[in-house]
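This report concerns only the one structure given below.
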Amino acid sequence: MSAQQLHLAVLPPGAPGPADPTRPADPGGPSGLDGLAGVARTAERGGFDFLLLPETAPPGPEVLTALGALSAATTRLGLAAGLDPAVHQPYELARRLASLDHLSGGRAAWSLTAGPDGGAGGRLRHGGPPPEAERPAHATEFLRAARALWDSWAEDDVPADQAGGVFVRPGAGAFTHHGAHFDLSGRFTTPRAPQGHPVIVRTVASPRDLAAAAADADVVVVPHTALAEARALRADLAERLAAHGRAPGELRVLVSLVPVLGDTPEQARERAAARVPAAHVVGTARQVADALAGYVRGGGSDGFLLTPHPAAGALDAFVDHVVPLLRAEGLYRAEYTGTTLRDHLGLDRARRASRETAA
């Protein structure tokens with residue numbers, strides 16, 4: 001196993017978990033930009049692939065605005081926005097995500113999330129959120145429309161010597177999408193992003209989610225389960241990927257969990273009992289590192305989406321004490337070797353569909 005085969009991402013402490021977006025946010029979480037910047041810098045110091053900021057995070061700045069600010073506070077860390085398609089429209093969201101990818105030098109990701117009834121934003125959306133039964137199909141078509149927008153630009157639509165945007169090739173950005181939920185045509189005004197497409201993250205809470213992830217995701221986040229169950233889920237995913245003409249290496253599987261560290265096993269258990277309703281990995285740094293390494297080596301996942309214990313300094317403790325142990329075992333990168341999030345994840349740059357397909 002190479003040094004870059006274990007992947008780590010972080011959900012800021014206090015934010016709702018990806019498998020339970022309805023869980024109330026912890027008011028002690030880092031809701032302000034300064035707090036989020038601290039989490040981001042620590043995660044980057046630890047070589048993490050990305051930080052995921054949900055739209056349902058504690059009260060604070062709008063998600064894409066916050067991630068735009070974090071792009072200036074970091075240089076390598078991927079920046080994933082948890083955004084519910086029921087709250088947005090394809091053109092505006094595709095443009096903002098492509099802009100984040102440009103602004104960050106290719107570090108943007110979109111985690112398709114779903115809150116109850118679209119949350120407050122869904123109720124304010126023109127026409128209201130789609131009915132619950134239609135939401136999976138609505139989200140899938142939303143993503144397909146966004147990809148058509150991103151693919152409406154070719155690599156050479158802005159010539160290298162005219163990169164300032166004064167001149168673009170005729171037809172650049174022209175798109176058409178006709179579907180059950182969206183009927184769009186016009187011109188997309190943001191040139192092709194550094195990654196081709198932002199990285200797409202899906203969360204699995206049901207077989208329906210598994211099918212969607214196999215069809216269109218780059219990263220899938222799954223609940224923490226026993227190793228045998230995790231391996232069975234990955235085998236299921238491999239079959240579903242093959243049905244879409246995709247190889248297992250085109251999808252990264254991350255397990256969502258809460259690590260709780262202590263100087264002794266007893267201290268870790270006390271901390272878990274005090275603040276974490278359902279901690280998944282509890283123990284000393286050595287015990288936590290061994291648990292994560294065993295899970296990945298056993299074929300349970302490609303890595304983990306971590307929600308650090310809410311106690312101050314929990315992420316720093318993980319980076320300072322667990323990460324070095326994973327690196328010593330050859331399971332984790334010593335440093336970033338690429339500049340984009342797709343580089344970190346070991347994924348190819350997103351291929352552009354033909355203009356006829358994108359239109």
Side-chain angles (χ1 to χ4, degrees), residues 49-55 61-72 74-85 87-113 139-160 162-169 171-177 179 182 184-202 216-219 338-345 347-355 357-359:
D49 289 22
F50 63 88
L51 175 147
L52 170 58
L53 186 61
E55 201 161 31
E62 186 274 329
V63 170
L64 283 168
T65 302
L67 293 179
L70 293 183
S71 72
T74 56
T75 59
R76 290 291 184 270
L77 182 70
L79 304 167
L83 299 165
D84 187 346
V87 180
H88 300 276
Q89 294 293 332
Y91 187 97
E92 59 92 9
L93 187 56
R95 187 166 187 261
R96 294 168 71 200
L97 285 164
S99 297
L100 178 62
D101 207 49
H102 280 288
L103 185 67
S104 63
R107 296 186 281 140
W110 174 23
S111 176
L112 281 75
T113 60
T140 294
E141 186 185 333
F142 192 116
L143 176 56
R144 190 164 63 249
R147 282 184 160 148
L149 291 162
W150 294 327
D151 281 343
S152 65
W153 284 78
E155 306 296 342
D156 60 352
D157 277 343
V158 179
Q162 297 287 339
V166 176
F167 168 78
V168 297
R169 298 195 189 282
F175 70 92
T176 300
H177 172 89
F182 304 104
L184 310 169
S185 63
R187 190 170 299 279
F188 191 56
T189 57
T190 305
R192 190 158 178 82
Q195 295 186 106
H197 301 168
V199 168
I200 301 300
V201 182
R202 289 268 200 176
D216 57 33
D218 299 303
V219 176
T339 59
T340 73
L341 178 52
R342 289 183 181 274
D343 290 337
H344 306 340
L345 291 165
L347 298 172
D348 292 336
R349 189 172 186 273
R351 296 186 298 272
R352 177 181 179 270
S354 66
R355 192 177 296 278
T357 301

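The shown structure was predicted, so the numbers you read here are calculated from the model rather than taken from an experiment.
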Taking C-beta and beyond as the side chain, do P90 and L184 meet within less than 4.5 Å on heavy atoms? yes
Do L93 and W110 come within less than 4.5 Å of each other through their side chains, counting heavy atoms only? yes
Taking all non-hydrogen atoms of both residues into account, name the closest pair between R187 and F175 and its distance. N-CE2, 3.5 Å
Can you tell me how far apart CG (L83) and CG (L112) are? Round to the nearest 0.5 Å. 8.5 Å
Do R342 and D218 sit within salt-bridge range, that is, some charged N less than 4.0 Å from a carboxylate O? yes
Measuring only between side-chain heavy atoms, which start at C-beta, is R202 closer than 4.5 Å to V219? no
Indicate yes or no: at least one non-hydrogen side-chain atom of H197 is less than 4.5 angstrom from one of D151. yes
For the pair R352 (side chain) and W153 (backbone), establish whether a donor and an acceptor sit closer than 3.5 Å, ignoring hydrogens and angles. yes
Within a strict 4.5 Å, meaning less than it, do heavy atoms of the E55 and D84 side chains meet? yes
Of all the heavy-atom pairs spanning L53 and V63, show the shortest one and how long it is. O-CG1, 3.5 Å
Nearest 0.5 Å please: distance from the CZ atom of F142 over to the NE2 atom of H88. 7.0 Å
Checking Q195 against L341 for the side chain to side chain contact (heavy atoms under 4.5 Å, CB included) test, could you report, in this order, the C-alpha distance in whole Å, the side-chain angles of both residues, the deciding distance, and whether it holds? CA-CA 8 Å; Q195 295 186 106; L341 178 52; 3.5 Å; yes
Which atom of L52 lies closest to which atom of A81, heavy atoms considered: CD1-C, 4.2 Å
Closest heavy-atom pair, A108 versus D101, reported as atoms and distance to 0.1 Å, is N-OD1, 3.0 Å
Any side-chain heavy atom of L51 within less than 4.5 Å of one from L67? yes
Do S71 and R107 have side-chain atoms, one donor and one acceptor, less than 3.5 Å apart? no
Pairwise distance CG(L97) to CD(E92) - rounded to 0.5 angstrom: 9.0 Å
Flag for T340-R349: side-chain donor and acceptor within less than 3.5 Å: no
So do F182 and Y91 actually touch side chain to side chain, heavy atoms under 4.5 Å? no
Counting only N and O atoms by type, is there a donor-acceptor contact under 3.5 Å from the side chain of D157 to the main-chain atoms of G173? no
With a 4.5 Å limit on heavy-atom distance, are the side chains of D343 and T339 in contact? yes
Atom pair CG (L70) and CG (L77), whose distance is rounded to the nearest 0.5 Å: 8.5 Å
Of all heavy-atom pairs between A98 and W150, which one has the smallest distance, and what is that distance? CB-NE1, 3.8 Å
I need the S152 OG to H177 NE2 distance, nearest 0.5 Å. 13.5 Å
If you look at every heavy atom in E141 and G179, which pair is closest and at what distance? OE2-CA, 3.2 Å
